Each structure stands twice: as structure tokens, then as C-alpha cells.
Amino acid sequence: MLVKKILNNNAIIAATPFGEVVMLGCGIGYQVRGGEEIAVQKIEKWFSRQHLNNFEDYAICCIVVNQMITATKGLGIRSSQMLAERLTSTLERIILSEGQAHPLAPVIYQHLQENYPQILQIGQMGLRLLSNNLKCDVAIHEAGLIALELLNEYGDKRYG
């Protein structure tokens with residue numbers, strides 16, 4: 001796997017036999033140059049694009065997901081590769097919707113606001129980060145769909 005672009009010390013874009021991927025890991029981009037081989041042991045998570053054509057936007061989604069997952073640790077939500085993939089896919093759909101909320105988003109948002117405000121706050125944080133970094137229109141109720149993915153993971157770990 002060859003480094004194509006360094007996003008920051010903890011995130012890179014790499015070329016693999018499967019196409020471009022975003023790789024996250026503590027210090028994975030530190031003192032690395034484009035074209036170098038990346039050490040496999042530095043990779044903590046990696047994501048391959050599903051919906052977005054712009055890989056830079058996709059990389060930002062992955063970074064936002066990583067920040068949201070870090071924020072959930074105090075709530076007892078343990079991260080998993082599956083959660084990261086679901087959150088990334090949700091963020092991709094939000095970007096592609098161009099500010100048009102999912103029809104159920106307001107109902108979900110209201111329910112989470114009443115029953116799971118801490119989890120909803122993480123969804124709101126993720127939506128703000130996404131909007132600020134990509135300068136895209138987002139519907140505030142979409143934070144409920146992000147938080148719903150976190151709540152599903154919370155329920156899976158708690159009851160499953």
C-alpha cells in the first residue's frame with residue numbers, strides 16, 4: 001500500500017490493489033511522504049469509498065467519524081469497524097442529499113432529544129464538523145440519523 005496523500009499525522013489516503021482508501025492510525029502520517037510504502041502495523045482503521053465521487057470529501061467523512069467515535073467512549077459505546085462503516089455511509093448520504101432531510105429525520109431527532117440527549121449531541125457535533133469542513137448544506141435533523149447509528153451500537157453492546 002502506497003501513500004498518495006497525507007491528510008494529517010493520523011490520517012492518509014493510500015493506493016491499494018482494491019483502489020484508494022482512507023487509513024487512520026496514531027501517527028500513520030507522521031514523517032511519511034507520498035509514494036512511500038505504509039507499515040501495516042500502523043493501520044488502526046481503513047475505509048473504502050462507497051457513494052461519494054470526491055475522495056477528499058470522503059476522507060473528511062472518515063475523520064469526522066473517528067472524532068465522533070472518540071467522543072462516545074464516555075457513554076459506554078465501544079467502537080467497531082461496522083459502526084465506523086455505518087456512520088461513514090450515513091455521512092455520505094447526508095452530503096449527497098444536499099440539505100434535504102430524510103422524511104423521518106425530524107421524528108427521530110425529537111425522540112432522541114427527549115430520551116438520549118447525550119448521544120444526539122454527538123450526532124450534532126458530527127454534523128457541525130461535516131458542515132464546517134465541507135462547506136455543505138445539511139439539515140439539522142440529520143443529526144438524529146447519525147445519533148441513531150450510535151444508539152443502535154449502544155443497544156447492540158448493552159443487550160446483545
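Since we're looking at a predicted model, the values are computed, not measured. Side-chain atoms are counted along with the backbone in the values below, which use heavy atoms only and exclude waters and symmetry mates.
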Q) Closest heavy-atom contact between V64 and L130? A) CG2-N, 4.1 Å
Q) If every non-hydrogen atom of E92 is compared with every non-hydrogen atom of C61, which pair is closest and at what distance? A) N-SG, 4.4 Å
**Q.** Heavy-atom pair of closest approach, residues Q118 and L75
**A.** OE1-CD2, 3.5 Å
Q. Between the main-chain N or O of E85 and the side-chain N or O of S89, is there a donor-acceptor pair closer than 3.5 Å?
A. no
Q: Say whether, by atom type as modelled, one donor and one acceptor occur between the side chain of E44 and the main chain of C26 under 3.5 angstrom.
A: yes
Q: Check whether any side-chain N or O of S131 sits under 3.5 Å from a backbone N or O of L127 as a donor-acceptor pair, and report yes or no.
A: no
Q: Taking atom types as modelled, find out whether S97 and R93 have a side-chain donor-acceptor pair closer than 3.5 angstrom.
A: no
**Q.** E98 (side chain) donor-acceptor with D137 (main chain) under 3.5 angstrom
**A.** no
(Q) Tell me whether Q67 at atom CD has more than 12 heavy atoms from other residues, nucleotides or ligands lying less than 6.0 Å away. (A) yes
Q | Closest non-hydrogen atom pair between L83 and E149, with its separation | A | CD1-O, 3.7 Å
Q) Which heavy-atom pair separates I146 from L87 by the least distance, and what is that distance? A) O-CD2, 3.7 Å
**Q.** Option passing side chain to side chain contact (heavy atoms under 4.5 Å, CB included) with L112 (candidates V107, L120, I119)
**A.** L120
